[in-house]
Amino acid sequence: MTVQELADKSGWAVVAGTPKRDISSAYVCDLLSWVMSHGKQGTAWITVQTHLNVVAIASLLDFACIIIPEDIKLSGETIHAANKEGVCILSAHCSSYGAVKLLAHLEISEV
């Protein structure tokens with residue numbers, strides 16, 4: 001499934017980047033060092049963190065996208081960095097748990 005297909009099926013908004021990447025797995029975690037040691041290429045990462053470091057980690061690990069739950073707002077600086085680095089960010093209206101449920105329903109496996 002591509003990030004665009006996920007956005008279409010979920011109604012989540014693309015707030016940065018291009019949603020063309022394929023999603024190979026999903027991961028939910030807010031502890032950045034933990035994500036760095038457990039994330040894999042193609043991951044859809046769910047986090048409430050919205051600062052620049054999430055963009056750096058997603059870019060470094062070549063994630064498919066970042067999913068920010070609960071309509072949490074991102075700064076213009078984070079959106080600009082994501083666009084510059086080619087990191088797609090989706091804004092989800094549901095909780096992290098709701099995002100995980102949907103990804104599981106869509107048969108996207110965990111990391």
Side-chain angles (χ1 to χ4, degrees):
M1 167 176 293
T2 67
V3 176
Q4 184 62 60
E5 289 170 333
L6 174 59
D8 293 343
K9 290 179 183 201
S10 64
W12 300 342
V14 177
V15 295
T18 305
K20 293 183 179 180
R21 300 282 312 275
D22 287 327
I23 300 170
S24 60
S25 62
Y27 198 65
V28 57
C29 186
D30 297 321
L31 184 59
L32 302 185
S33 60
W34 197 263
V35 172
M36 285 190 65
S37 67
H38 290 81
K40 297 188 183 332
Q41 180 181 12
T43 293
W45 174 25
I46 303 165
T47 181
V48 298
Q49 301 288 345
T50 61
H51 47 76
L52 290 173
N53 290 343
V54 297
V55 173
I57 290 169
S59 178
L60 178 70
L61 296 176
D62 199 24
F63 284 172
C65 64
I66 301 170
I67 301 167
I68 306 295
E70 300 185 31
D71 292 321
I72 299 170
K73 301 300 177 206
L74 290 105
S75 70
E77 183 179 39
T78 299
I79 292 170
H80 175 74
N83 285 324
K84 182 178 176 186
E85 294 296 322
V87 173
C88 185
I89 300 177
L90 300 177
S91 176
H93 52 276
C94 59
S95 67
S96 295
Y97 176 72
V100 169
K101 281 179 41 179
L102 178 62
L103 292 171
H105 176 75
L106 295 173
E107 299 182 355
I108 296 172
S109 63
E110 66 179 300
V111 167

Q | Working for side chain to side chain contact (heavy atoms under 4.5 Å, CB included), residues Met36 and Leu60 | A | CA-CA 9 Å; Met36 285 190 65; Leu60 178 70; 3.6 Å; yes
Would you call [X] and [Y] a side-chain contact if the rule is heavy atoms closer than 4.5 Å?
X	Y	result
Cys88	Val14	yes
Trp45	Ile57	yes
Leu32	His51	yes
Ile67	Val28	no
Arg21	Asp62	yes

Single-linkage hydrophobic cluster [X]~[Y], side-chain heavy atoms < 4.5 angstrom:
X	Y	result
Val55	Trp34	yes
Ile72	Tyr97	no
Val111	Val87	yes
Val48	Phe63	yes
Ile89	Tyr27	yes

Q | Pairs where residues 72-91 contributes a residue and the test salt bridge (charged side-chain N to carboxylate O under 4.0 Å, His left out) is met, not counting sequence neighbours | A | none
**Q.** Residues in side-chain hydrogen bond (donor to acceptor under 3.5 Å, both in side chains) contact with Glu110, at least two apart in sequence or another chain
**A.** none
Q: Please list, chain by chain and in numerical order, all residues satisfying side-chain hydrogen bond (donor to acceptor under 3.5 Å, both in side chains) with His93, sequence neighbours excluded.
A: none
**Q.** Spatial distance of atom NZ (Lys101) from atom CG (Leu103) [nearest 0.5 Å]
**A.** 12.0 Å
Q: Quick one: pull up OG in Ser24 and CE in Met1 and give me the separation to the nearest 0.5 Å.
A: 13.0 Å
Taking all heavy atoms of [X] and all of [Y], pick out the closest pair and write down the distance.
X	Y	value
Ala64	Gly42	CB-O, 3.4 Å
Thr47	Pro69	O-CD, 3.0 Å
Gly17	Asn83	N-OD1, 2.7 Å
Leu74	Thr78	CD2-CG2, 3.6 Å

Q | Side-chain donor/acceptor of Ser59 to backbone N/O of Gly86, under 3.5 Å | A | no
Q: Would you confirm whether Ser10, through its side chain, and Leu6, through its main-chain N or O, come within 3.5 Å as a donor-acceptor pair?
A: yes
Q: Going by the side chain to side chain contact (heavy atoms under 4.5 Å, CB included) test, name the single residue among Ile46, Val15, Val3, Ile68 that passes it with Leu90.
A: Val3
Q. Any chance NE2 of His80 has more than 12 other-residue heavy atoms, nucleotides or ligands included, within less than 6.0 Å?
A. no
Q: Report the C-alpha separation of Ser25 and Ser109 in whole Å, then their side-chain angles, then the decisive distance to 0.1 Å, and conclude whether the side chain to side chain donor-acceptor pair (under 3.5 Å) test is met.
A: CA-CA 5 Å; Ser25 62; Ser109 63; 5.8 Å; no
